[in-house]
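This report refers to the structure that appears directly beneath it.
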Protein chains: 4
Amino acid sequence: MTDRPTLTVDTDDPTPPYEQLRRQLADLIEYGVLAPDDRLPPLRQLAADLGLAVGTVARTYRELESAGLVVSRRGGGTRVAAARSRPPAAVLHERAAAFVRDARLLGADDEQIRAAVAAVLGT
Amino acid sequence: MTDRPTLTVDTDDPTPPYEQLRRQLADLIEYGVLAPDDRLPPLRQLAADLGLAVGTVARTYRELESAGLVVSRRGGGTRVAAARSRPPAAVLHERAAAFVRDARLLGADDEQIRAAVAAVLGT
Amino acid sequence: MTDRPTLTVDTDDPTPPYEQLRRQLADLIEYGVLAPDDRLPPLRQLAADLGLAVGTVARTYRELESAGLVVSRRGGGTRVAAARSRPPAAVLHERAAAFVRDARLLGADDEQIRAAVAAVLGT
Amino acid sequence: MTDRPTLTVDTDDPTPPYEQLRRQLADLIEYGVLAPDDRLPPLRQLAADLGLAVGTVARTYRELESAGLVVSRRGGGTRVAAARSRPPAAVLHERAAAFVRDARLLGADDEQIRAAVAAVLGT
DNA sequence: GTGGTCTAGACCACC
DNA sequence: GTGGTCTAGACCACT
């Protein structure tokens, strides 16, 4: 019950598994859910948990590392890189902007957008 | 500026092009941006516009058809299937809920979420 | 209510419509359901009934004619050719052979095959 | 002679090759000739044997998979899906019924039908 | 003109 | 080695 965030791979999704995984981990890191210096699950354990080959997870970690989101130290596992998490406020703003763009595509006006958010927040 | 909604394919995204396209069109239909009986661009035109092979776009159209979102007739063309789009209000609510969930993952409270949306809306 | 045998085209079947039609008519002729000198439905009427373009039905008739199953006389419509229907007994035998082959593929032995036919015939 | 059931493609048949193949494999699976978990031939081997392009066989396998008859795993191979084949007795009865219907269309009575089957079975 | 399919060779993802 | 996809050009079926 160490409560690690649930990572999943959907085999029906044409997006390759290594990329599905990469996106989830990148999000968790950028969102600060995985804080700098936190350890990622060991390659083999994650592979076993998800029913993937080790090489597939290795590919994910490699991509994250070359993006600078993660650091693999030899013998020391893989940890979240220090300098890369962005301020949560910036991420929040970005997400809000994406939501608003989408809502407008749907034809919603400002008032409807505000109302929808209010409805979801409850009160 | 009466142009059709912009469809794009990102060649750096490991998600296969036919799937990127499929998602965009499925969204446009579900969002009601493309209304029932609206015509989709001809295979070859869309392929040319996006720099894709004809077969790739054909695959997208085929998938959309087998999902019941679209109807293709030989010699006819491809049109949005009737009675498939959901009420925009429902879709808007769903999107708002997804945004709020994301924002809370980031650690934002209700007030911050409201503020972020307000900031984006201007005013 | 002239009781013409029902011809149908399944648009979900990848077999082209002209070929679906051709097979049905060829069977009807070979089986003797359509007797020598019987008239086939007029091109345009059949096309209208099936929701096909005239050219598509024309293609079917053309194929039947070049197979010698049918004769188009100018101004006189299309009729079943005289010399082509095979003795029903021969066709029956052929069909029985096909059925037996299939049944054996399923692993059935002679007794099971006989029993299955008896069961269908009732009594 | 332990060879796998013969698959063939008739290039004179207007039915597209991927569909001819699909039907044959679907039949073999439904008939139980290919049992659950049996492996299908590798894409490229089957393509080579039949003189088809790889993509054509891939299309067949994809259709079978989306019909739930087969499961393909990347790097794994393609196998018959479990719990899909119908009881052979049911299939046999269905085939017998189809044969009888056909025979009656030809004008045969019960006795003639029985006789035709007996003749084929050899005694 | 519009959708549907095929080929041939190539590259990718996965085990 | 096995499945999955892409391209480029070609031909077919249909309206």
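Proteins come first, then strands; the chains are lettered A, B, ... in the order of their sequence lines, and each starts at number 1. For clarity, every value in this text was computed on a predicted model and none was experimentally measured.
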Practice task
Using whole Å, report how far CG of B:L43 lies from C1' of E:dG1.
Solution key: 12 Å

Practice task
Identify, with sequence neighbours excluded, every residue that meets side chain to side chain contact (heavy atoms under 4.5 Å, CB included) alongside A:D37.
Solution key: A:R73, A:R79

Practice task
Return the value, rounded to whole Å, for the distance between atom CD of B:E63 and atom C1' of F:dG4.
Solution key: 12 Å

Fill in the blank from the handout: From CD of B:Q20 across to P of F:dT5 the rounded distance in Å is 13 Å

Completion exercise
Against the side chain of B:R62, the closest entry in F:dT2, E:dT5, E:dG3 is E:dT5

Handout entry: Interatomic distance where CG belongs to A:D12 and C1' belongs to F:dG4 [whole Å]
Key = 14 Å

Practice task
Round to the nearest Å and state the distance from D:L46 atom CG to F:dT2 atom C1'.
Solution key: 13 Å

Fill in the blank from the handout: Residues passing the side chain to side chain contact (heavy atoms under 4.5 Å, CB included) test with B:R59, sequence neighbours excluded, are B:Y18, B:R62, B:E63, D:R62

Problem - Pairing residues for B:D49 by the side chain to side chain contact (heavy atoms under 4.5 Å, CB included) criterion, not counting sequence neighbours - result: B:Q45

Exercise for the section: Enumerate, in order of first residue number, the stems that involve DNA chain E, defined as 3 or more consecutive Watson-Crick or G-U wobble pairs with both distances under 3.5 Å. Expected result: E:1-14 with F:1-14

Practice task
Quickly work out the B:L40 CG to E:dG4 P distance and round it to whole Å.
Solution key: 12 Å

Problem - Phosphate-side-chain proximity, B:T78 and E:dG3, N/O vs OP1/OP2 below 4.0 Å - result: yes

Completion exercise
Nucleotide by nucleotide, nucleotides 6-15 of chain E touches protein heavy atoms under 4.0 Å in the pattern (B base, S sugar-phosphate only, - none) SBB--B-SBS

Practice task
Could you tell me which residues satisfy side chain to side chain contact (heavy atoms under 4.5 Å, CB included) with D:A58, sequence neighbours excluded, listed by chain and number?
Solution key: D:L43

Practice task
Check the pair A:R23 / B:T15 against side chain to side chain donor-acceptor pair (under 3.5 Å), numbers first and verdict last.
Solution key: CA-CA 12 Å; A:R23 283 177 193 170; B:T15 303; 3.0 Å; yes

Problem - Residue pair A:Y61 / A:L25: nearest heavy atoms and the distance that separates them - result: CE1-CD1, 4.0 Å

